[in-house]
Structures are given as C-alpha cells and as structure tokens.
Number of protein chains: 2
Amino acid sequence: MHDTESRADEALDRAFMALADPVRRGIIARLSRGEATVNELAEPFSISVQAVSKHIQVLEAAGLVTRTRDAQRRPVHLAPEALERLTSWIDGYRLAHEQRFRRLDAIVQGPAAARTRTASSENETTNTNNAKKEKKS
Amino acid sequence: MHDTESRADEALDRAFMALADPVRRGIIARLSRGEATVNELAEPFSISVQAVSKHIQVLEAAGLVTRTRDAQRRPVHLAPEALERLTSWIDGYRLAHEQRFRRLDAIVQGPAAARTRTASSENETTNTNNAKKEKKS
DNA sequence: GCATTATTCAACCTATCTGTTGATCAACGT
DNA sequence: ACGTTGATCAACAGATAGGTTGAATAATGC
C-alpha cells in the first residue's frame with residue numbers, strides 16, 4: 001500500500017485531490033471574489049452545511065485556503081500561493097515536454113541544429129519537485 | 001448527489017483527480033521526457049503492471065495522455081494541452097484573487113492609514129508576484 | 001501452430017470519500 | 001441567564017479508488 005510517500009508528494013496529493021471536486025472548486029471560485037463564511041459558501045449548493053464544512057476542512061488541509069476568526073464566524077480566505085505551486089508543478093512537466101519536442105524538431109530538421117540544445121538548457125531544471133524519486137520498494 | 005454536473009466540471013474532476021496520485025504524477029513526469037510503454041512505466045514502481053495499466057487508463061480518461069499502437073506495444077504520450085487547461089483554470093481564480101487585492105490596496109492606501117486590514121490579515125498580503133507595485137487609479 | 005511478450009479484463013478486498021442526521025460547542029444579542 | 005446563530009463533532013451508510021491475483025486477448029517470432 002502507501003508505505004513511504006514524501007512530504008512534497010503528500011502535499012500535492014491533498015492539493016490536487018482537493019480540486020477534484022466541483023463543490024470545492026466552486027468554493028475556490030467564490031473565494032477568489034473575497035472571503036466568505038461557511039454558511040455563505042454553503043448557500044449555492046444543495047448539500048448540508050456540515051458537508052460544506054468538511055469540504056472546507058479538505059481545502060484547508062491542502063493549504064488552499066486559510067481561516068480567521070470573527071466572533072462566532074470563521075471566514076475562509078483563498079491562499080493563492082498554494083495555487084501557484086500547483087501551476088508550477090504542472091508547467092514544469094508541460095514545458096519540459098514541449099521543449100523536448102523543440103529539440104526533436106531541431107534534430108529532425110538538421111544535425112547541426114541539434115547542438116543548440118546544449119546552449120538552451122535553462123528550462124530543463126525548472127521542476128519544483130522530484131521527478132526521479134518516485135520509487136518505494 | 002452529483003446529478004447536476006456539467007461536462008466541463010466532469011472533465012476537471014477527472015483531470016485533477018488523475019493528478020492526485022503520486023504514481024500517476026510519476027508517470028506524467030516520466031512521459032515529459034518522452035513516450036513510454038506500460039511495462040516501462042511500471043518499472044520504477046513496486047506495484048503490479050495491471051495497477052499501472054489502470055493508472056494509465058485514468059490518465060487517458062482525463063485526457064492527460066494519449067496512446068498509439070506499435071505492434072503489441074501501446075506507447076503512452078503526454079497531452080500537454082490538457083495540462084495547459086488545468087493551469088488556465090487555476091490561474092484564472094488565482095489571478096482574479098490577486099487583482100482583487102490590488103484594488104483593495106489601492107482603495108485602502110489611497111486616503112490614509114491602512115491599519116485596518118494589514119494587522120489582521122498578514123497571510124493575505126504575501127502575494128507571490130509583484131503585487132503592490134502596480135497601482136490602478 | 002505454438003510459445004512468448006505486452007497489455008487488458010474480471011472478480012475481489014479494503015480503505016477512503018462524500019454525504020446524511022443528531023448532538024455539541026462557542027460566541028453573540030437581548 | 002437564555003435562546004439563537006455559526007460551525008463542528010460523531011456515527012453511520014453508500015459509492016468509489018486503488019491494490020491484488022488469475023484468466024484472457026492480441027500481436028510477434030520461431
């Protein structure tokens with residue numbers, strides 16, 4: 001089963017999993033327009049307030065939102081840094097893939113052009129996370 | 001009850017859910033360096049090939065990878081457009097949120113003291129990008 | 001044809017997710 | 001002090017995700 005999983009992996013697990021639900025994405029969308037309480041966030045949905053409260057706990061555990069205190073209300077706020085980490089992770093591999101294609105094109109279109117890869121190795125290490133340490137055994 | 005969920009939502013569900021697993025993210029990472037077969041993709045992991053095959057089906061259903069045929073092998077390829085759609089979704093709300101804060105800062109810092117917010121919302125002022133630089137009058 | 005290789009299908013088990021209802025806690029307002 | 005409001009906790013149920021093993025499909029190479 002899930003024996004050993006690094007901290008960075010678990011953080012990405014929670015963050016992506018948190019976004020894999022339309023209710024939670026709706027909450028993110030709402031919060032992008034400003035903070036809101038649990039009851040306010042629950043209003044557009046046809047589920048119980050308790051269910052929304054759980055969703056918010058999932059988002060909070062994923063670091064995607066934070067909470068403050070205002071009397072008996074607990075306003076929820078967006079945490080855009082966490083969202084930025086997700087786009088960074090995705091873009092790391094997406095851009096690496098596209099750049100690899102650019103190199104392939106260079107190779108196909110001429111042997112001399114393939115050597116331009118050595119000069120343009122800037123984006124090869126832009127991954128924010130480990131790409132090779134996925135083994136558990 | 002998930003009876004009322006649009007097609008776009010379901011696509012995002014599948015895509016984010018697909019990335020919410022370290023094995024599948026490892027597959028994505030591997031594919032960013034070039035196509036690979038199921039057995040090749042399974043090698044770094046301590047799970048069965050069947051399990052990896054299922055993971056690839058999940059990624060394929062999410063549109064994150066495509067497959068071709070080469071004799072009895074079925075090479076898997078990255079589909080960077082789908083990844084790009086995800087970053088677009090995230091960035092949409094992230095940037096909307098940051099822009100909203102820029103407007104708030106402009107309003108608060110316009111007349112006089114901004115103490116009202118800056119003391120009670122420290123985590124919100126930690127914008128990752130060059131905020132506070134722009135000012136919209 | 002037949003064994004081999006690559007991959008998938010099928011059945012199953014278990015853990016986790018998402019929702020429910022009912023009770024509880026905490027901070028107001030009067 | 002007391003009832004109300006906002007939010008969470010607890011216990012439960014149904015669905016599904018992710019893993020296993022064993023059998024089946026499909027293309028390859030003798």
Side-chain angles (χ1 to χ4, degrees), chain A residues 1-5 9-10 12-28 30-31 35-62 64-77 134-137, chain B residues 1-5 9-10 12-28 30-31 35-62 64-77:
Chain A
M1 291 186 173
H2 301 77
D3 351 317
T4 326
E5 188 171 337
D9 271 356
E10 290 175 11
L12 286 172
D13 282 2
R14 283 192 287 267
F16 281 123
M17 183 68 108
L19 293 181
D21 183 289
V23 172
R24 289 192 291 259
R25 285 198 306 277
I27 291 173
I28 294 288
R30 168 63 184 81
L31 292 178
E35 67 170 39
T37 67
V38 177
N39 276 298
E40 288 167 356
L41 291 169
E43 195 273 329
F45 301 102
S46 59
I47 59 177
S48 66
V49 180
Q50 291 98 316
V52 173
S53 181
K54 283 190 191 177
H55 279 301
I56 293 168
Q57 288 176 40
V58 171
L59 289 167
E60 190 178 22
L64 297 175
V65 305
T66 58
R67 321 194 61 171
T68 52
R69 196 167 241 300
D70 167 36
Q72 69 264 61
R73 290 164 200 83
R74 272 143 223 227
V76 188
H77 315 258
E134 206 73 35
K135 181 173 278 185
K136 322 177 177 183
S137 68
Chain B
M1 301 180 23
H2 299 161
D3 38 353
T4 25
E5 187 171 340
D9 270 357
E10 290 174 11
L12 286 172
D13 282 2
R14 282 191 288 267
F16 281 122
M17 183 68 107
L19 293 182
D21 183 288
V23 172
R24 289 193 291 258
R25 286 198 305 276
I27 291 173
I28 293 287
R30 167 64 184 82
L31 292 178
E35 67 169 40
T37 67
V38 177
N39 278 297
E40 289 167 355
L41 290 169
E43 194 274 330
F45 301 103
S46 60
I47 59 176
S48 67
V49 180
Q50 291 98 316
V52 173
S53 181
K54 282 192 192 175
H55 279 302
I56 293 168
Q57 289 177 46
V58 171
L59 288 167
E60 191 178 20
L64 297 175
V65 304
T66 58
R67 321 195 62 172
T68 51
R69 195 166 244 298
D70 167 36
Q72 71 263 61
R73 292 165 199 83
R74 322 202 54 142
V76 188
H77 316 258

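Values reported hereafter were calculated over all heavy atoms of this structure, with side chains retained and with hydrogens, waters and symmetry mates removed. So you know, we letter chains A, B, ... as the sequences are listed, proteins then strands, and number each from 1.
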Rounded distance in Å - CZ (A:F16) to P (C:dC17) | 17 Å

Residue-phosphate contact under 4.0 Å: B:S48 side-chain N/O, D:dG19 OP1/OP2 | no

For atom CD of B:E43 and atom P of C:dT5, their distance in whole Å | 17 Å

Test item: B:R69 side-chain N/O and B:A71 main-chain N/O as donor-acceptor pair under 3.5 Å | yes

Do B:V65 and B:I28 touch side chain to side chain, with heavy atoms closer than 4.5 Å?
-> yes

Quick one: OG on A:S48 to NZ on A:K54, what's the gap to the nearest 0.5 Å?
-> 8.0 Å

Would you indicate whether the side-chain heavy atoms of A:D9 and B:R25 approach each other to under 4.5 Å?
-> yes

List in numerical order all residues of residues 66-77 of chain B for which some heavy atom is under 4.0 Å away from an atom belonging to DNA chain C.
-> B:R67, B:Q72, B:R73, B:R74

Calculate the interatomic distance between B:D21 atom CG and D:dT16 atom C1'; express it in whole Å.
-> 14 Å

Does D:dA7 have OP1 or OP2 sitting under 4.0 Å from an N or O in the side chain of A:N39?
-> yes

Check: A:R67 side chain, A:Q57 main-chain N or O, donor-acceptor pair, under 3.5 Å = no

What is the distance, rounded to the nearest whole Å, between atom CD1 of A:I47 and atom P of D:dA7?
-> 15 Å

Residue pair A:D70 / A:T37, side-chain heavy-atom distance below 4.5 Å | no

Contacts of type salt bridge (Lys or Arg N to Asp or Glu O under 4.0 Å), residue A:R73, not counting sequence neighbours | none

Please examine the side chains of A:L19 and A:L64, heavy atoms only from C-beta on, and report whether any two atoms are closer than 4.5 Å.
-> yes

Note: contacts of residues 51-59 of chain B with DNA chain C (heavy atom, under 4.0 Å) are B:S53, B:K54, B:Q57

Protein-nucleotide distance (A:R14, atom CZ; C:dC17, atom P), rounded to Å | 11 Å

Separation of atom CE in B:M17 from atom C1' in D:dA15, rounded to whole Å | 11 Å

5' precedence on DNA chain C between B:V38 and A:Q50 (nearest-nucleotide basis) = B:V38

Report yes if some heavy atom in the side chain of B:H55 is under 4.5 Å from a heavy atom in the side chain of B:I47; otherwise report no.
-> yes

